[in-house]
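Hydrogens, waters and symmetry mates play no part in the numbers below; they use all other heavy atoms, side chains included. Every value quoted in this text rests on a predicted model; they were computed, and no experiment measured them. Starting from 1, each residue takes its place in the sequence as its number.
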Amino acid sequence: MDQALHDAIASVIPNCYGTVAPPEAVAPYAVWQRIGGDSSEYLDPADEPQVDKSQVQIRIFCTDVLEPKLKMRALTTALASHEWLVVRPMSGFRDDFDHDMSLFVAERDFEVIV
């Protein structure tokens with residue numbers, strides 16, 4: 001799931017990082033991380049289905065105040081149409097400003113089911 005989700009995000013925002021962006025990351029960029037979820041794992045891995053339901057937070061960092069909002073809208077649309085990941089927003093997105101980096105941020109939580 002992780003690689004598929006990363007690739008789906010990177011198709012909209014190419015500068016994409018898991019958990020934390022490097023100090024030299026160039027905006028616009030996205031950071032995603034698991035923040036919770038459920039799994040259905042069995043003692044015998046041959047028993048299907050192995051369900052992975054995760055809560056994932058995605059943050060988009062940009063230099064312009066409007067850009068993260070537009071990118072979040074585009075990303076939400078792209079994730080909803082993924083061919084085999086089921087991705088649903090868990091809430092509306094939140095605006096923020098990172099004073100340390102002087103970047104505008106849009107943040108949203110998603111449920112991702114494999």
Side-chain angles (χ1 to χ4, degrees):
M1 182 207 80
D2 289 356
Q3 189 62 54
L5 180 61
H6 184 92
D7 292 346
I9 297 167
S11 71
V12 178
I13 304 159
N15 295 335
C16 178
Y17 306 97
T19 308
V20 65
E24 67 276 1
V26 177
Y29 64 87
V31 175
W32 68 275
Q33 65 181 348
R34 289 180 189 232
I35 57 171
D38 300 314
S39 70
S40 177
E41 297 177 3
Y42 303 100
L43 294 176
D44 184 354
D47 291 341
E48 294 292 333
Q50 300 280 332
V51 176
D52 188 4
K53 181 164 73 170
S54 299
Q55 294 171 355
V56 174
Q57 181 179 83
I58 301 174
R59 303 183 81 211
I60 300 172
F61 297 80
C62 300
T63 57
D64 177 76
V65 68
L66 185 58
E67 189 177 13
K69 299 170 178 58
L70 298 174
K71 290 195 177 299
M72 184 60 77
R73 186 173 295 131
L75 179 61
T76 300
T77 300
L79 292 177
S81 64
H82 191 276
E83 64 182 84
W84 59 270
L85 285 177
V86 178
V87 183
R88 296 187 283 239
M90 297 177 63
S91 63
F93 69 86
R94 297 169 295 280
D95 287 324
D96 196 7
F97 181 77
D98 188 307
H99 291 277
D100 294 333
M101 297 185 294
S102 295
L103 293 174
F104 295 93
V105 183
E107 175 182 295
R108 193 170 203 179
D109 299 341
F110 295 86
E111 178 180 60
V112 181
I113 303 171
V114 177

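Legend: salt bridge (charged side-chain N to carboxylate O under 4.0 Å, His left out) pairs involving residues 70-85, not counting sequence neighbours, sorted by first then second residue: Glu67-Lys71. Within the structure, every pair that satisfies the ring pair (Phe, Tyr, Trp, His ring centres under 6.0 Å) test and touches residues 61-81, not counting sequence neighbours, is listed here: Tyr29-Phe61. Screening residues 9-35 for salt bridge (charged side-chain N to carboxylate O under 4.0 Å, His left out) gives Asp2-Arg34, Arg34-Asp52 as the qualifying pairs, with residues at least two apart or on separate chains.
Not a single side chain to side chain donor-acceptor pair (under 3.5 Å) links Asp98 to another residue, sequence neighbours left out. Asn15 is linked by a side chain to side chain donor-acceptor pair (under 3.5 Å) to nothing, counting only residues two or more places apart in sequence or in another chain. For Pro23, there are no side chain to side chain contact (heavy atoms under 4.5 Å, CB included) partners, not counting sequence neighbours. Remark: His6 pairs with Trp32 by the side chain to side chain donor-acceptor pair (under 3.5 Å) rule, at least two apart or across chains. For Asp7, the side chain to side chain donor-acceptor pair (under 3.5 Å) criterion is met by Gln3, not counting sequence neighbours.
Put simply, Val56 and Val31 are part of two different groups of oily side chains (I, L, V, M, F, W, Y) that touch within less than 4.5 Å, one to the next. At a threshold of 4.5 Å between side-chain heavy atoms, the hydrophobic network of Ile, Leu, Val, Met, Phe, Trp and Tyr places Tyr17 and Met1 in two separate groups. Cluster annotation: Leu103 and Ile13 are assigned to distinct hydrophobic clusters (Ile/Leu/Val/Met/Phe/Trp/Tyr, side-chain heavy-atom contacts under 4.5 Å, transitive). Cluster annotation: Trp84 is connected to Leu5 through the hydrophobic network of ILVMFWY side chains, with a link wherever side-chain heavy atoms come within less than 4.5 Å. Val65 and Phe97 end up in the same hydrophobic cluster when Ile, Leu, Val, Met, Phe, Trp and Tyr side chains are linked at under 4.5 Å.
Hydrophobic side-chain contacts under 4.5 Å tie Met90 to no other Ile, Leu, Val, Met, Phe, Trp or Tyr residue.
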*Should Leu75 and Ile9 be marked as a side chain to side chain contact (heavy atoms under 4.5 Å, CB included) after you check the CA-CA gap, both sets of side-chain angles, and the distance that decides it?*
CA-CA 7 Å; Leu75 179 61; Ile9 297 167; 4.3 Å; yes

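Across all their heavy atoms, Ile60 and Pro68 have their closest contact at O-CB, 3.8 Å. The two residues Ala8 and Ser11 have their closest heavy-atom pair at O-OG, 2.7 Å. Pairing each heavy atom of Val12 with each of Ala78, the nearest pair is CG2-CB, 3.5 Å. In this structure, His82 and Ala4 approach most closely via the heavy-atom pair NE2-O, 4.3 Å.
Atom CD1 in Ile58 sits 7.5 Å away from atom SG in Cys16 (nearest 0.5 Å).
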Would you be so kind as to tabulate the donor-acceptor pairs closer than 3.5 Å made by side chains of residues 104-114, with sequence neighbours excluded?
residue: Glu107; atom: OE1; partner: Arg59; partner atom: NE; Å: 2.7
residue: Glu107; atom: OE2; partner: Gln57; partner atom: NE2; Å: 3.4
residue: Glu107; atom: OE2; partner: Arg94; partner atom: NE; Å: 3.1
residue: Glu107; atom: OE2; partner: Arg94; partner atom: NH2; Å: 3.0
residue: Arg108; atom: NE; partner: Ser91; partner atom: O; Å: 2.7
residue: Arg108; atom: NH1; partner: Thr76; partner atom: OG1; Å: 3.1
residue: Arg108; atom: NH2; partner: Ser91; partner atom: O; Å: 3.1
residue: Asp109; atom: OD1; partner: Gln57; partner atom: NE2; Å: 3.4
residue: Asp109; atom: OD1; partner: Arg94; partner atom: NH2; Å: 3.2
residue: Asp109; atom: OD2; partner: Arg94; partner atom: NH2; Å: 3.4
residue: Glu111; atom: OE1; partner: Arg88; partner atom: NE; Å: 3.2
residue: Glu111; atom: OE1; partner: Arg88; partner atom: NH2; Å: 2.8

